[in-house]
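First up is the structure itself, then whatever we jot down about it.
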Amino acid sequence: MFDNILIYFVVIPVLMLAGVALCKNVKQIRAVAVVGSLALTALSVYLLLDYLHLRHVGATAQMLYTGSWAWFTPLNINLSVGVDGISIAMILLSSIILLTGSFASWTIAQPKEFFLWLILLSTGVFGFFISIDLFTMFMFYEVALIPMYLLIGVWGSGNKNYSAMKLTLMLMGGSAFLMLGLIGIYYHSAPEGQPLTWNLLEIARNGAISENWQLFLFPMTFVGFGVLGAMFPFHTWSPDGHASAPTAVSMLHAGVLMKLGGYGCFRVAIYLMPYAANELAWIFLILTGISVVYGAFSACVQTDLKYINAYSSVSHCGLVLFAILMLNTTAMSGAIMQMLSHGLMTALFFALIGMIYGRTHTRDIRQMGGLMQIMPYLAVCYVIAGMASLGLPGLSGFVAEMTIFVGSFQQGMTDYLAGAGSLRLVFTIIACCSIVITAVYILRVVGKLLLGPVYDDHHRELTDATWWERLSTATLIICVAAIGCFPNFFINLIKFTFSPEIFSVLNFTQHSGIASVLGMN
């Protein structure tokens, strides 16, 4: 088992849990958190480089570094692992945000208990992204969700008990739908007479889920993951949860945890049930299209910095699900880029909001102003995060959103010219309007928060960023700029997932709707 590199993405967090539990003081706890996070980041970078090397020398398997170890033989449950470019991108994102979140939590109260729960959450996240066994994936999914209740309920602010309970109940409700969908997939995972399996790749190769069962199971699976992706109308837990969570939890929550929803929709619902995805996409396109515009409009009327960013996350994560449902390679590539981009820039936003709140003791933009004069470093970082969010060229938001909209228009025009209706085209145009709305609330906040006269004379005594805050924010800014300036590197990382060879293995050729947009007919 331990000769497989992927196992260490679970082993290292478990060792971190043991290390934090044995620590005697705050310095030791910080050291374990930072060293463990650095080890995970270094391992992620090594995995990325080795993966690219293997692809370059001719490795053509859909998943690399695969391994499987029996866990519960009667139900054929195994600890099965494997990754492709998309999984590696999500692992790299998770490790970076965990590292920067550790620095952002440098002065947290009750650090031992806090980091124990935070690291447990990250264990679930890493386990989810490396799993290709549906049962194991669901187990890690739940491990990632459960700590959120305590992290918000104990270390949160505002109406934290309500927010923690609302988040937990709604996500557990989504998990119930997801569990039913996964059990249904398992019992239709192989032709009659062959052993059933939870293995994602084997289920896709078998292609045994009938069209009628796909139509029944797809909504359960997509909604189950979509709740975590803040899909309308199941998004209401997200703003409250973000607003009450401590800084590092908000960073992991919006930057990584919500990506489990988009990744799950893509990896499970779309891959395993392509016929239903093609037939039922119009329903979820309407819901995700509403998420994109509703989230942006809601952000315009908020006065709390965290609520502004929370509703912005609803809009951006809605765009991820929207792009996935276009079912073509360009839009889906844009969806993955958007997950990376949003994960980094929203983590940067929440880190900065936490740092500003720690100094001003308010998140109300009506009670702040002129902070550019007082804390120029944090102010400039906030402007950069805002420009990435509204899609300024040279930053990650631009390449992600442009790729999504190009792919969406491509599919919309294909449908329209083929006489298949104009729903995709209409909702693509509506979704594009979110760019303008995003610019409105970002520029409004920047103008009110950072520019103009200083609102409160007491704010003149505030200090700028400390060294650990500068390290955290600078790391995220460099990553946001790297995606914006070198998008081809990340496109090349994920493109193999969309190659015709892979889709043919997954039985996509028998479904004309998806096969046609992939140029396979």
Side-chain angles (χ1 to χ4, degrees), residues 33 93-94 97-111 113-125 143-172 174 227-230 234-261 295 298-299 302-314 316-317 342-364 385 469 472-473 476:
L93 171 68
S94 304
I97 294 180
L98 178 61
L99 175 62
T100 54
S102 297
F103 282 108
S105 306
W106 207 250
T107 58
I108 194 76
Q110 296 176 274
E113 293 81 1
F114 176 83
F115 278 107
L116 283 172
W117 288 112
L118 189 71
I119 295 167
L120 181 62
L121 187 156
S122 67
T123 305
V125 168
V143 169
L145 297 185
I146 292 171
M148 290 295 296
Y149 177 80
L150 288 171
L151 286 167
I152 295 175
V154 175
W155 288 273
S157 59
N159 196 4
K160 59 184 182 181
N161 292 327
Y162 167 80
S163 299
M165 184 61 71
K166 182 177 182 180
L167 178 148
T168 303
L169 291 177
M170 292 198 70
L171 293 185
M172 289 297 106
V227 171
L228 186 55
F234 310 108
H235 67 284
T236 57
W237 62 270
S238 182
D240 291 328
H242 281 116
S244 297
T247 299
V249 177
S250 291
M251 293 170 68
L252 275 169
H253 178 186
V256 177
L257 200 63
M258 292 177 74
K259 307 303 172 289
L260 270 61
S298 297
Q302 302 299 318
T303 57
D304 185 303
L305 283 172
K306 274 200 170 184
Y307 271 103
I308 293 170
N309 198 36
Y311 278 106
S312 175
S313 293
V314 171
H316 284 101
C317 289
H342 176 260
L344 293 167
M345 69 187 184
T346 199
L348 177 59
F349 262 130
F350 278 119
L352 292 167
I353 291 169
M355 294 168 193
I356 292 171
Y357 175 74
R359 290 163 169 78
T360 63
H361 304 294
T362 181
R363 297 196 304 256
D364 193 331
E469 291 171 334
S472 176
T473 52
L476 293 170

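Between the side chain of Lys306 and the backbone N or O of Ala245 there is at least one donor-acceptor pair closer than 3.5 Å. The main-chain N or O of Ile119 is found under 3.5 Å from a side-chain atom of Ser122 such that the two form a donor-acceptor pair. No donor-acceptor distance shorter than 3.5 angstrom exists from the side chain of Thr100 to the backbone of Ser472, with no hydrogens or angles considered. Side chain of Ser163 to main chain of Asp240: a donor-acceptor pair is present (N/O by atom type, distance under 3.5 Å, no hydrogens or angles).
For Tyr307 and His242, the gap between ring centers reaches or exceeds 6.0 Å.
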Please output the side-chain donor-acceptor pairs of residues 145-159 that fall under 3.5 Å, not counting sequence neighbours, one pair per line with the distance.
| from | atom 1 | to | atom 2 | distance (Å) |
| --- | --- | --- | --- | --- |
| Trp155 | NE1 | Ala109 | O | 2.8 |
| Ser157 | OG | Arg363 | NH1 | 3.4 |

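Rounded to the nearest 0.5 Å, atoms CG (Leu167) and CH2 (Trp237) are 5.5 Å apart. The distance from the CZ atom of Phe349 to the NE2 atom of His342 is 9.5 Å, given to the nearest 0.5 Å. For the atom pair CG of Leu228 and SG of Cys317, the computed distance is 9.0 Å after rounding to the nearest 0.5 Å. Rounding to the nearest 0.5 Å places CD1 of Ile353 at 7.5 Å from CD1 of Ile308. Separation of atoms CG (Leu116) and CG (Leu120) is listed at 8.5 Å; rounding is to 0.5 Å. Atom NE2 of His316 sits about 11.5 Å away from atom CE of Met258, to the nearest 0.5 Å.
In summary, of the residues considered (Asn309, Ile97, Leu476), a side-chain contact (heavy atoms from CB on, under 4.5 Å) with Thr346 occurs for Asn309 alone.
Taking the side chain as every heavy atom from C-beta outward, Glu469 and Phe103 never approach each other to under 4.5 Å. Between Thr247 and Met251, some side-chain heavy-atom pair lies under the 4.5 Å cut-off.
In this pair, His361 and Tyr357 present their aromatic rings perpendicular. The plane angle is above 60°, beyond the 30 to 60° band.
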